[in-house]
Amino acid sequence: MEGMLISTQQALHMLLTGDSELWSIVMLSFSVSFKAIILTTPPAMVVAYSLANGNFPGNKIVLAVFNSLLSVPTVVIGLLLYVLLTRQGPFGDLRLLFTQTAMVIGQMMLCFPILVALGYAAINAADRRVKETSITLGAPWWFTMLTVLYEVRFGLLAAVLTGFGRIISEVGISMMVGGNILGYTRNITTAIALETSKGEFAQGIALGIVLLLLAFMLTAFLTYVQGKQEITA
Amino acid sequence: MSEPLLLFRGIEKSFAGNQILKNVNLSIYPGKCILLSGKNGSGKSTLLKIIAGLETPSKAEIEFSGKSHSWKSVIRSIRKNIIYLHQQPYLLSGTVVSNVAYGLRFTHLNRTQRSDSLKEALEWAGLADVANKQAKTLSGGVQQRVAFTRAWILKPKVLLLDEPMANMDYESRMQACDLLKRMKSEGMSIVVTGHDADIFDGLTDKHFHLTEGKLES
């Protein structure tokens with residue numbers, strides 16, 4: 001118990017004094033996950049909109065596949081990507097294994113089904129009149145899509161924040177395709193895993209605090225946004 | 001009477017094996033107003049949405065310029081001239097101005113023409129005072145006027161109104177009726193649904209009743 005207290009004290013000290021190694025790991029985590037969420041959101045929203053509004057054959061099957069992908073373990077995605085990017089793999093020539101790009105791709109694969117499934121739920125709940133109003137006023141299909149997405153923006157924002165929370169806290173993909181290289185691919189979760197295995201708890205606790213603070217901030221922001229939605233509805 | 005602007009022939013629509021519309025024929029004449037009445041669930045809204053291209057019929061043909069076409073083949077091109085207004089209009093997030101201007105960006109008007117058109121429309125409907133207010137915060141009557149103006153500014157040939165006076169107080173009804181009369185006097189064809197013909201007194205030229213999926217005059 002005493003050791004735990006000492007480690008926590010050291011963790012707080014590292015956080016408050018701006019420990020450069022710790023904060024570079026935090027920044028790397030945010031950089032990778034921001035890129036992944038920004039690159040994934042537009043195509044995921046188009047797919048979600050198409051699923052919510054399209055009557056193409058197999059629509060429900062595709063949706064069921066995306067819902068199933070929500071529960072795929074991150075290590076499985078990491079393994080799949082590893083096999084694809086390894087020297088002997090089909091994309092080995094790209095030399096992406098153990099790079100931030102590989103981590104971004106892996107996190108995109110993880111959050112894509114989340115954004116599609118949650119985006120679909122938000123778009124499907126949209127008032128039918130939004131689409132009809134847009135069409136009858138002469139909007140082309142893509143502008144109607146943008147209008148519907150804008151009208152359900154609070155629900156979509158919740159989906160994006162949930163996706164971001166999921167990818168910044170994942171460890172399997174980052175460990176397998178990032179390789180946990182200090183200063184290059186070591187992020188919050190892989191650093192926590194490494195430091196804990198070494199018995200060095202201080203940095204792990206400090207990074208854990210950052211993740212917890214992030215979770216609280218995302219939840220608080222979501223609550224605020226949902227309150228705003230109720231006011232404007 | 002002159003040639004009809006659009007003639008919808010043999011409209012049929014079924015939902016889950018239940019036939020809502022049975023061989024409905026409807027002629028829309030330029031500058032004339034048709035009132036469609038019928039019980040709740042009789043298919044009035046469905047009929048308007050089929051005309052507007054928002055609902056797909058089981059079967060329908062459209063005749064214009066002396067030629068008959070299948071609904072599917074021409075609806076995309078003719079719906080540019082048709083605007084449908086919901087019973088409870090949906091105003092998009094934003095101000096009255098942004099709502100009224102919504103459809104203008106899809107026209108061939110340039111920026112100056114759009115701005116002039118917008119000013120004219122706000123004046124026309126008496127909305128200049130609330131132009132910069134959030135549309136969703138306005139009363140039901142004013143929201144309906146915003147919806148009318150949003151349609152009027154695009155100068156459609158046909159305006160389809162689904163029970164526009166429902167849930168309106170007397171004053172709002174009078175204002176809405178006045179706007180509709182002005183639209184009609186400008187040559188717009190109007191098809192309106194409602195239960196009470198008296199509300200549309202002085203506006204309608206023809207009255208049809210929809211019963212058991214069939215249109216009766």
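A, B, ... follow the sequence lines: proteins, then strands. Residue 1 opens every chain. Keep in mind it's a predicted model, so treat the numbers as computed, not measured.
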Which portion of B:L160 sits near chain A, non-hydrogen atoms under 4.5 angstrom: neither
May I ask you to check whether B:Y102 and A:F143 place their ring centres under 6.0 Å from each other? yes
Of the listed residues (B:Q134, B:E55, B:R105), which shares the most heavy-atom pairs with chain A below a 4.5 Å separation? B:R105
Is it the case that the side chain of B:T193 and the backbone of B:E163 share a donor-acceptor pair, with hydrogens and angles ignored and the cut-off at 3.5 Å? yes
Chain A shares the most heavy-atom pairs under 4.5 Å, among B:L92, B:T137, B:T107, B:L154, with B:L92
So, the part of B:P89 with a heavy atom under 4.5 Å from chain A: the answer is backbone
Beyond-backbone contact of B:H86 with B:Y84, side-chain heavy atoms, under 4.5 angstrom: yes
With chain B, which of A:D127, A:L137, A:T133 has the greatest number of heavy-atom pairs at distances under 4.5 Å? A:L137
State whether a side-chain donor-acceptor pair under 3.5 Å links B:E63 with B:H69. no
Reference residue B:Y90; test side-chain hydrogen bond (donor to acceptor under 3.5 Å, both in side chains); the match among A:R129, A:E132, A:E151: A:E151
Name the region of B:Q88, side chain, backbone, both or neither, that has any atom closer than 4.5 Å to a heavy atom of chain A. both
